Amino acid sequence: MTDEIQAGVTRSTLEPQALRRFAYACPSIEIQGANAGPRLCIMAGVHINEASSIVAAMQLPDLIDPQRLRGRVSIIPAVSTHHLYTKAMVTPPSSGVDLHWSYPGAPDGEFNDALAHWLVSDWAQDAEVFLDLHGGDLDERMARYVVTQRTGDEAFDTSVSHLAGCFETDLNVALAPPESWSAGRICTALARNRRHGIVVEAGDHGHLDPDSVDWITNGVLKVLRHLDMLPGDVDPRTDQTILGRYEWVVAPVAGVVRLAVAPAERVTQGDRIGIMTDLFGRPVADVRAAASGHIMMLKTPLFAQAGEWIGAIASEV
Ligand SMILES: [Zn+2]
């Protein structure tokens, strides 16, 4: 006698025991397929203003028929519920306050570390693949791209690149194998243990953009077909540009930022990609590309202090 699988969609609020001391709770959507199979975990809203990725996660249950699904899709559409109404924005990794750079975390750590640990090692413990959906904080314009972590283990790295190829973009930031593993993005923490993870980026400045929503959900559906969790052929792209290094563009002086490049644009090291002006609009410094590669992100605020992030470039391997 075999257990009958009850296919369907369940929505609930998770209150993890491990995060009780922080009174943390988050929304959970479980799509249980009619047949046994792997589990895909998807989260969005680590950065709470990244509207297109959050709405994409919320729309997935409308696009996945449990009767045709093999396995289970688990979704947390808004992870950072503690920031729902704070408008908290992305901060640099060095700030130490942003969940996005906190993985794999630690069970006994402060809030971000404990939440990171729960996501990777508890909630998604048995996930075949983990997708972390992002894109376009209130002050950002983004190229559409994916971030993965290479390990040097060719078979593993190739299987991750096939997953990345399910997303319709030329740009795959496949981070170079680290010399030593330290806290970072979720794809890095997962790859360290040969687990498959992808950070997906699409959207602009907190705006809900239907094209970005479709781009994300189409990629997720392709991942499901690639994992044979949904029927249908998929031919992952194998022609993505592999970008191994991510460099921040910083303001050379304090003042007004006037960038003259667009997301996804190719630049060469030393190119003038914009200028800084004083408060009268007079040019005071050039902004030069610190590396050759593609513009992945541009910050939108007009004013920046010297040394502040105003964009990011990812370089070819
Ligand atoms: Zn983000």
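This is a predicted model, so every value here is computed, not measured. Counting starts at 1 for both ligands and their atoms, following the listed order.
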Checklist entry - Can we call the ring centroids of Tyr246 and Trp248 under 6.0 Å apart? => result yes

Checklist entry - Does the shortest distance from the Zn ion (ligand 1) to an N/O/S atom of His100 fall below 2.8 Å? => result no

Item to check | Test: Arg20 cationic atom under 6.0 Å from Trp118 six-membered ring centre, within 45° of axis | outcome: no

Next on the checklist: Pair Arg144, Glu201 - check salt bridge (Lys or Arg N to Asp or Glu O under 4.0 Å), show working.
Outcome noted: CA-CA 6 Å; Arg144 288 179 185 165; Glu201 298 272 4; over 6 Å; no

Checklist entry - Do Phe111 and His82 have their ring centres less than 6.0 Å from each other? => result yes

Checklist entry - Which is the closest N/O/S atom of His47 when seen from the Zn ion (ligand 1)? => result ND1

Checklist entry - With the Zn ion (ligand 1) at the center, what angle do ND1 from His134 and OE1 from Glu50 span, rounded to 10 degrees? => result 90°

